[in-house]
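A short write-up of the structure that comes next.
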Amino acid sequence: MRSYEPHVIEEKRQELWEQQHLFRVTENDGGEKYYLLEMFPYPSGRIHMGHVRNYSIGDVIARYKRMRGFNVLHPMGWDAFGMPAENAAIERGVHPAVWTHENIAYMRKQLKRLGFSYDWEREIATCDVAYYRWEQWMFLNMFEKGLVYRKSSPVNYCQRCQTVLANEQVEGGACWRCGEEVVQKELTQWFFAITKYADELYEYCDKLPGWPERVLNMQKNWIGKSYGVEVDFLMEDGTPLTIFTTRPDTLYGVTFMVLSPEHPLSTRLPAGTEHEQAVRAFVDKTRAQDKSFRAEIATQKEGVFTGKYVSNPLTGARVPIYVGNFVLMEYGTGAIMAVPAHDQRDFEFAKEYGLSVIATIMPADGTLDPATMEAAYEGDGKMANSGPFNGKHNREAIPGIIDYLEEKKIGRRMVNYRLRDWGISRQRYWGAPIPIIYCDDCGTVPVPFEDLPVVLPLDLKVTAVGKSPLAEDPEFYKVDCPICKKPARRETDTMDTFVESSWYFLKYACPDYDRGPLDSARVNYWMPVDQYIGGVEHAVLHLLYSRFFNRVLNELNLVDAREPFENLLTQGMVIKDGAKMSKSKGNVVDPDYMIKKYGADTARLFCLFASPPEKDLDWSDKGVEGCFRFLQRVWRLVAERLDDIKDTVSILEPAADDPDCVQLAYLIHKTVKKVTEDIDRFHLNTAIARIMELVNGVYKFIEKEKRDEDSKRLLRGAMETVIVLLFPFVPHITEELWEMLGLDIATIGQSWPRYNEKYIMEDRVLVVVQVNGKLRDRCEVERNIDQERLKDMAYSLDKVRKHIEGKTIVKTIIVPNKLVNIVVK
RNA sequence: GCCUGGGUGGCGGAAUAGGUAGACGCAAGGGACUUAAAAUCCCUCGCUCCUCGCGAGUGUACGAGUUCGAUUCUCGUCCCAGGCACCA
């Protein structure tokens with residue numbers, strides 16, 4: 001008997017696939033299109049287990065969909081620009097390009113060794129000019145449409161990475177990549193106007209039924225849509241101070257106003273008065289603190305009086321204006337109305353500075369006394385001290401108050417978003433150059449389309465942390481102004497690498513196209529992505545950027561789809577010893593080692609079997625061992641009996657009615673049904689469990705096998721079923737076994753087994769008998785047995801009699817073919 | 001604090017529609033084969049109690065409720081994970 005040698009067969013199969021271009025796909029291949037995409041990796045050097053898991057899940061679906069007749073696009077590429085390449089250059093003197101390409105070469109080899117069915121002819125690397133030149137083209141188009149602009153603003157800056165970070169890229173005050181604390185810095189940089197799409201991106205969250213609730217929730221959370229009103233409070237000189245509030249029902253309780261230190265009025269209001277100095281000092285002090293520091297420290301409310309007042313538009317009350325450290329300039333108008341009775345922050349500020357408190361909303365179970373309140377009441381209730389609205393429920397009063405404000409033209413309905421525009425300038429070398437030229441006379445001039453691409457020069461040395469080498473390379477930045485032809489200077493910042501990953505899924509449709517950014521005919525054939533698979537860590541960043549970018553490209557008529565990803569599966573992390581695998585924790589399992597020890601099939605099988613895709617996967621060396629044992633068991637199942645059944649023609653339905661054969665037939669057909677349903681629901685772990693049960697069943701069958709022709713043919717049918725069902729999970733071993741059985745290798749990946757309904761429903765069923773809902777016995781009866789007969793049988797069971805004797809039967813519930821429940825008193 | 005998930009054996013995890021809780025795998029224990037070991041195969045395996053049986057009770061974080069029947073539905077409590085967080 002041949003023994004199972006994973007390395008030999010895996011490498012052999014992979015070579016064959018490559019020779020035959022087995023996974024090459026075109027639009028003309030027939031069958032309904034199916035675009036399956038897994039998030040492409042950053043070429044960091046080697047594949048890690050998270051990749052193996054992600055791509056194993058994807059490969060099951062790709063192969064399964066092909067077997068079901070779909071025309072499957074399953075591409076792979078490289079998110080090849082980024083910081084680690086530069087760090088490697090600084091630390092080891094390797095050029096980022098060299099480092100990146102070496103890593104790509106190694107990782108490509110690893111992916112091929114894992115046997116994933118990619119159409120490698122569509123491979124792209126985002127650091128290739130052929131790729132990023134079209135990104136520059138997109139940038140210029142966005143510039144023309146006013147979706148790109150430059151402004152100076154306080155930005156998040158990572159000292160270690162020496163570059164700016166977008167809001168989304170700051171995690172709890174630290175850099176998303178290196179964990180360094182982020183500081184605030186005033187810089188001029190380029191922004192994509194993603195906020196113009198805030199509302200659509202938010203509203204479409206409800207139109208993505210194929211996305212996990214969790215991710216949509218995170219995106220909504222991030223976009224942060226809130227409905228409210230802008231209200232003008234008139235100052236004593238008649239000019240308005242405009243604020244935004246979501247609680248117009250508390251307008252009668254306003255006792256002061258607070259401006260952000262960054263608000264232009266903060267310094268203007270007290271100018272030339274006795275308050276000027278104190279306010280200036282406070283503003284300067286607060287502005288010097290960076291955002292994360294302020295958020296932390298400023299739970300302690302601080303502020304200063306400007307000396308000016310406004311009047312409450314509803315009551316006419318005279319209300320003082322303060323500057324406070326807890327008001328953000330970036331949200332709303334940078335100024336707030338303060339209602340200490342009903343807002344905890346305002347309450348704290350009022351206590352600190354002895355400001356008055358007016359309660360206008362009374363809780364259902366009592367009244368509020370401002371003199372004794374210890375915290376703001378933020379709940380709902382009946383309105384008080386609110387003029388004509390007294391006695392009304394606060395939530396019901398809101399529309400009326402807003403109508404009144406709008407009528408008097410002192411307020412208007414407003415929607416506000418938490419989302420900020422996406423800052424894309426990075427003061428780094430290894431990225432796509434921003435195609436802009438600065439001319440002393442003509443100002444900011446976009447590079448003319450015909451001058452694209454702005455090539456990132458490769459003959460530079462990245463030496464030390466500090467300025468980007470582009471800014472120090474006259475060859476690069478010295479350029480003539482496209483308009484006046486006088487000497488000018490190129491932009492030396494490059495684009496955030498999230499820009500590349502915002503449209504790579506479109507490029508896969510036409511990787512060879514070079515006459516324009518995208519070949520729309522092909523793009524529209526494949527788009528949208530039918531199934532996207534990747535880690536949750538990109539729930540906001542990459543997925544939100546891509547949704548935005550796809551909309552822009554849709555408006556540039558490059559793609560018809562408005563949303564890029566129809567269905568999304570977010571897989572969990574790979575955990576070992578209770579922590580995410582990481583070098584620092586020393587709990588990393590190397591895929592190369594796994595392949596060497598067990599082969600790719602075992603590595604893949606374990607990643608798929610150990611837990612359902614969305615959940616975290618607990619790594620277990622013993623569990624891997626178990627998967628390897630299972631594959632050997634499958635191998636033996638075929639290899640041991642090979643001589644005997646080599647020339648047998650398989651059947652899936654026994655000709656005679658031998659009970660063992662019939663039982664096996666039931667098992668075969670049921671397994672096919674269940675595995676099909678499980679894969680359709682992405683329950684890959686239970687799909688594998690079902691196949692294991694089938695294998696166990698086949699072994700049991702062999703034990704008592706009668707060795708007649710019918711049994712032999714059915715046995716072979718069972719083996720073939722095991723192999724085919726297992727194929728999408730472990731393609732190498734199954735192809736080898738298929739071939740050993742003398743079957744045409746071309747057929748295994750092309751058809752998914754069917755089941756016969758006749759063998760799904762057995763003639764005899766096991767019925768459970770309960771008394772008062774407690775299980776007492778079970779009995780096997782023929783399917784669809786007469787209910788009266790079933791009742792009588794149930795009553796006569798010894799174990800049941802014991803529990804009903806001497807009692808009155810109140811009623812008997814029968815669930816056909818499943819259960820009898822006798823209710824007694 | 002707010003929003004989303006989630007709490008099931010020693011462990012990873014099952015249980016499409018309210019109907020046998022613990023599939024499948026791992027670990028553990030026992031046995032067969034073997035001179036021995038590995039490999040393989042077979043059996044046992046939630047907890048408690050006892051008269052050790054085709055036995056009784058109990059059990060899906062906790063407490064109520066709906067129901068003939070709840071891991072599943074409703075309400076409340078606790079815990080864990082993730083996201084947001086002076087966003088007005």
Side-chain angles (χ1 to χ4, degrees), chain A residues 171-172 212-222 224-226 228 243-247 250 258 260 294-296 298-301 324-328 330-339 342-346 348-349 378 416-420 536-537 539-540 572-573 575 606 609-612 614-627 629-630 632-633 636 674 677-678 680-681 683 685-693 695-696 699 703 766-778 797-799 802 810-815 818-824:
Chain A
E171 293 173 346
E213 203 53 48
R214 193 157 64 116
V215 173
L216 295 173
N217 177 43
M218 282 192 220
Q219 294 219 348
K220 279 186 164 182
N221 226 327
W222 187 262
K225 183 175 183 176
S226 51
I243 58 91
F244 171 77
T245 181
T246 54
R247 293 290 306 274
T250 62
V258 190
S260 159
R294 224 200 272 183
E296 237 174 86
T299 38
Q300 188 64 38
K301 306 281 176 294
N325 65 345
F326 66 101
V327 179
L328 304 172
E330 308 89 80
Y331 188 79
T333 62
I336 61 156
M337 65 180 210
V339 186
H342 305 295
D343 183 291
Q344 185 57 25
R345 298 159 299 185
D346 301 346
E348 286 166 26
F349 193 87
E378 294 182 337
N416 250 306
Y417 303 90
R418 216 188 67 96
L419 183 72
R420 306 284 142 75
V536 226
E537 61 272 23
V540 187
M573 291 185 303
I575 304 284
F606 176 75
F609 178 63
S611 76
E614 332 73 64
K615 279 184 81 170
D616 285 349
L617 181 148
D618 244 7
W619 190 266
S620 150
D621 292 331
K622 295 282 188 186
V624 178
E625 203 87 44
C627 287
R629 274 204 294 268
F630 170 69
Q632 283 180 303
R633 196 165 144 84
R636 277 199 311 273
K674 291 241 159 121
E677 288 165 353
D678 279 352
D680 283 332
R681 297 185 297 160
H683 288 207
N685 55 330
T686 54
I688 294 165
R690 299 288 175 210
I691 304 171
M692 286 173 168
E693 281 180 278
V695 171
N696 293 343
Y699 269 103
E703 248 175 71
L766 195 68
V767 170
V768 168
V769 184
Q770 301 179 331
V771 178
N772 285 346
K774 273 185 188 166
L775 177 72
R776 293 305 171 188
D777 204 358
R778 46 199 106 190
L797 290 165
D798 283 351
K799 289 187 225 166
K802 237 163 65 182
V810 181
K811 60 175 161 175
T812 304
I813 286 135
I814 295 179
V815 182
K818 243 183 191 163
L819 165 142
V820 178
N821 187 13
I822 306 161
V823 185
V824 297

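The figures that follow rest on heavy atoms only: side chains count, while hydrogens, waters and symmetry mates do not. In what follows, chains are A, B, ... by sequence order, proteins preceding strands, each numbered from 1.
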A:Glu677/A:Lys674 ion pair, N-O < 4.0 Å:
no
Does a side-chain N or O of [X] approach OP1 or OP2 of [N] to a distance below 4.0 Å, or not?
| X | N | value |
| --- | --- | --- |
| A:His683 | B:rA15 | yes |
| A:Lys818 | B:rG19 | no |
| A:Arg778 | B:rG19 | no |
| A:Ser226 | B:rA88 | yes |
| A:Arg629 | B:rA38 | no |
| A:Lys774 | B:rU58 | yes |
| A:Arg636 | B:rC41 | yes |
| A:Asn772 | B:rG69 | no |
| A:Arg214 | B:rG6 | no |

May I have the distance from [X] (atom [atom1]) to [N] (atom [atom2]), rounded to whole angstrom?
| X | N | atom1 | atom2 | result |
| --- | --- | --- | --- | --- |
| A:Arg690 | B:rG25 | CZ | P | 12 Å |
| A:Leu766 | B:rU20 | CG | C1' | 8 Å |
| A:Glu378 | B:rA88 | CD | P | 11 Å |
| A:Trp222 | B:rC3 | CH2 | P | 19 Å |
| A:Glu348 | B:rA88 | CD | C1' | 14 Å |
| A:Asn821 | B:rG69 | CG | P | 8 Å |
| A:Asp616 | B:rC80 | CG | P | 17 Å |
| A:Met218 | B:rC3 | CE | P | 16 Å |

Paired with [N] by Watson-Crick or G-U wobble geometry, both distances under 3.5 Å: which nucleotide is it?
| N | value |
| --- | --- |
| B:rC49 | B:rG55 |
| B:rC62 | B:rG76 |
| B:rG69 | none |
| B:rU34 | none |
| B:rG10 | B:rC26 |
| B:rG1 | B:rC84 |

Of the nucleotides [options], which one has an atom closest to the side chain of [X]?
| X | options | result |
| --- | --- | --- |
| A:Ile336 | B:rA88, B:rA21, B:rA14 | B:rA88 |
| A:Val823 | B:rC68, B:rA88, B:rG13 | B:rC68 |
| A:Glu693 | B:rU20, B:rC68, B:rC24 | B:rC24 |
| A:Asn696 | B:rA88, B:rG25, B:rG19 | B:rG25 |
| A:Glu213 | B:rC68, B:rA56, B:rU4 | B:rU4 |
| A:Leu328 | B:rG13, B:rA88, B:rC84 | B:rA88 |
| A:Asn221 | B:rG13, B:rC41, B:rG83 | B:rG83 |

Need one value for [X]: base, sugar-phosphate or nothing, where a base atom within 4.0 Å counts as base even if backbone is also close, heavy atoms only.
| X | result |
| --- | --- |
| A:Pro212 | nothing |
| A:Asp618 | sugar-phosphate |
| A:Phe609 | base |
| A:Thr245 | sugar-phosphate |
| A:Gln770 | base |
| A:Asn685 | sugar-phosphate |

Rounded distance in Å between the [atom1] positions of [N] and [M]:
| N | M | atom1 | value |
| --- | --- | --- | --- |
| B:rA15 | B:rC24 | P | 13 Å |
| B:rC45 | B:rA23 | P | 10 Å |
| B:rA70 | B:rC62 | C1' | 16 Å |
| B:rC41 | B:rG59 | C1' | 34 Å |
| B:rU72 | B:rU16 | C1' | 12 Å |
| B:rA14 | B:rG9 | P | 14 Å |

One pair to check against side chain to side chain contact (heavy atoms under 4.5 Å, CB included): A:Tyr331 and A:Tyr417. What are the steps and the verdict?
CA-CA 8 Å; A:Tyr331 188 79; A:Tyr417 303 90; over 6 Å; no
Assigned chi class of B:rG18 under the 90° convention is anti
Check whether any side-chain heavy atom of A:Gln344 sits under 4.5 Å from a side-chain heavy atom of A:Glu378, and report yes or no.
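Result yes, sub-4.5 Å side-chain heavy-atom pair found.
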Quick one: does A:Val769's side chain get under 4.5 Å of A:Leu797's, heavy atoms only?
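Of all side-chain heavy-atom pairs linking A:Leu797 with A:Val769, at least one is under 4.5 Å.
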Ignoring hydrogens and geometry, is there a side-chain-to-backbone donor-acceptor pair from A:Asp346 to A:Val339 under 3.5 Å?
yes
Any donor and acceptor pair, going by atom type alone, linking the side chain of A:Asn325 with main-chain N or O of A:Gln300 inside 3.5 Å?
yes
Is the base of B:rU16 touched by the side chain of A:Arg681 through a donor-acceptor pair closer than 3.5 angstrom?
yes
Using a distance-only test with no angle check, is there a side-chain donor-acceptor pair under 3.5 angstrom linking A:Asn221 and A:Arg418?
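No, no side-chain donor-acceptor pair sits under 3.5 Å.
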Does the side chain of A:Asn416 pick up a donor-acceptor pair with the side chain of A:Ser226 at under 3.5 Å?
no
With a distance cut-off below 6.0 Å to the six-membered ring centre and an angular limit of 45° from the axis, does A:Lys301 pair with A:Phe349 as a cation-pi contact?
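Pair A:Lys301/A:Phe349 does not count as cation-pi.
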